[in-house]
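Each remark here refers to the structure printed beneath this line.
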Amino acid sequence: MHELKALIFDVDGTLADSERDGHRVAFNEAFSQAGLDWHWSEALYGELLEVTGGKERMRYYLQRFRPPGESEAVDDGRIADLHAAKTEIYTRLLCRGRIPLRPGVARLLAESHAAGMRLAVATTTSLPNVTALLDHCLPSEALSWIDVIAAGDVVAAKKPSPDIYHYALRGLGLTAHSCLAFEDSAHGLRAARGAGLLTIVTVNDYTKDQALDGAALVLDGLGEPDSPFTVLSGDAGRATYVDVALVRRLHGARRD
Ligand code: XBP
Ligand code: MG
């Protein structure tokens, strides 16, 4: 039977509820600074999240929501420039503390590290966004706890492709059976399961109504000792928040 050796965390929606008030705001500010009349409302952004990757999401927006021919007039270089501007704006939001970690994240990272587990990140977002979030939201020594950060364009195919998780597993030098993943969305769950990972999903407003079959647990969050989670699917036993004991029990009960 495999020992649970590492936890692999998605970023956006999982470590932090970062899409609606973070990425979306940064995209709109970048569009405005570029003199574009593009505006992504909360509702439209929920549709655009169907596509992972900010550059890919802008291209999707042009092709699906803008007048015919406009996408052809915006070349990939322009998309890349807009994305770089957006990333600059987004990292500034993070550095100003505008995007906190979700409840239970800092506690679980610290507990898991103290229990001797390795930690990794597997995300579609760009690397500067990850380092800015971790730098600003975790104690300085915590950054050394993260063995592998697999982010953004290090793989060609983004979630729901499992490639980013394969990349993280290679970096850890571990097989999927020795690890457990945390995700927030159907695309992320498909990516993690596609890499053979047992997966816990903590939903958010954009993902709470998605089909999340295959998750070991679906929760409204990781919970805290004084703030229990709500189990939306799966069996958490008597646990009221995600801790090392719960992830070890779920991993030990794995039968696939
Ligand atoms: C979420 C994504 C990212 C972010 C935007 O990634 O799909 O594209 O929405 O970040 P995950 P970028 O849930 O895997 O963390 O603009 O840097 O892509
Ligand atoms: Mg996510």
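Order of appearance sets the numbers: ligands from 1, and atoms from 1 within every ligand.
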Distance filter under 2.8 Å, centred on the Mg ion (ligand 2) - protein N, O or S atoms that pass it: D10 OD2, D12 O, D184 OD1
Enclosure of Y167 OH (heavy-atom neighbours >12, cutoff 6.0 Å): no
Test side chain to side chain donor-acceptor pair (under 3.5 Å) applied to E47 and Y61, step by step: CA-CA 9 Å; E47 291 192 63; Y61 166 69; over 6 Å; no
H23-Y90 aromatic ring centre distance below 6.0 Å: yes
Are [X] and [Y] close enough that a side-chain donor and a side-chain acceptor fall under 3.5 Å?
{"X": "N129", "Y": "T125", "value": "yes"}
{"X": "T202", "Y": "D184", "value": "no"}
{"X": "N204", "Y": "D17", "value": "no"}
{"X": "R102", "Y": "T14", "value": "no"}
{"X": "Y45", "Y": "E19", "value": "yes"}

Between [X] and ligand 1, which part of the residue brings a heavy atom under 4.0 Å of the ligand: side chain, backbone, both or neither?
{"X": "Y45", "value": "side chain"}
{"X": "K55", "value": "neither"}
{"X": "I164", "value": "neither"}
{"X": "H83", "value": "side chain"}
{"X": "D10", "value": "side chain"}

F182 and F9 aromatic ring geometry - parallel, tilted or perpendicular at 30°/60° bounds: parallel
Qualifying residue, where the test is side chain to side chain donor-acceptor pair (under 3.5 Å) with K158 and the options are T52, D153, D163: D153
What protein heavy atom sits nearest [atom], and how far away is it?
{"atom": "atom 1 (C) of ligand 1", "result": "E19 OE2, 3.3 Å"}
{"atom": "atom 10 (O) of ligand 1", "result": "T125 OG1, 2.8 Å"}
{"atom": "atom 8 (O) of ligand 1", "result": "G53 N, 2.9 Å"}
{"atom": "atom 7 (O) of ligand 1", "result": "R57 NH2, 3.0 Å"}

G13 heavy atom under 4.0 Å from ligand 1: no
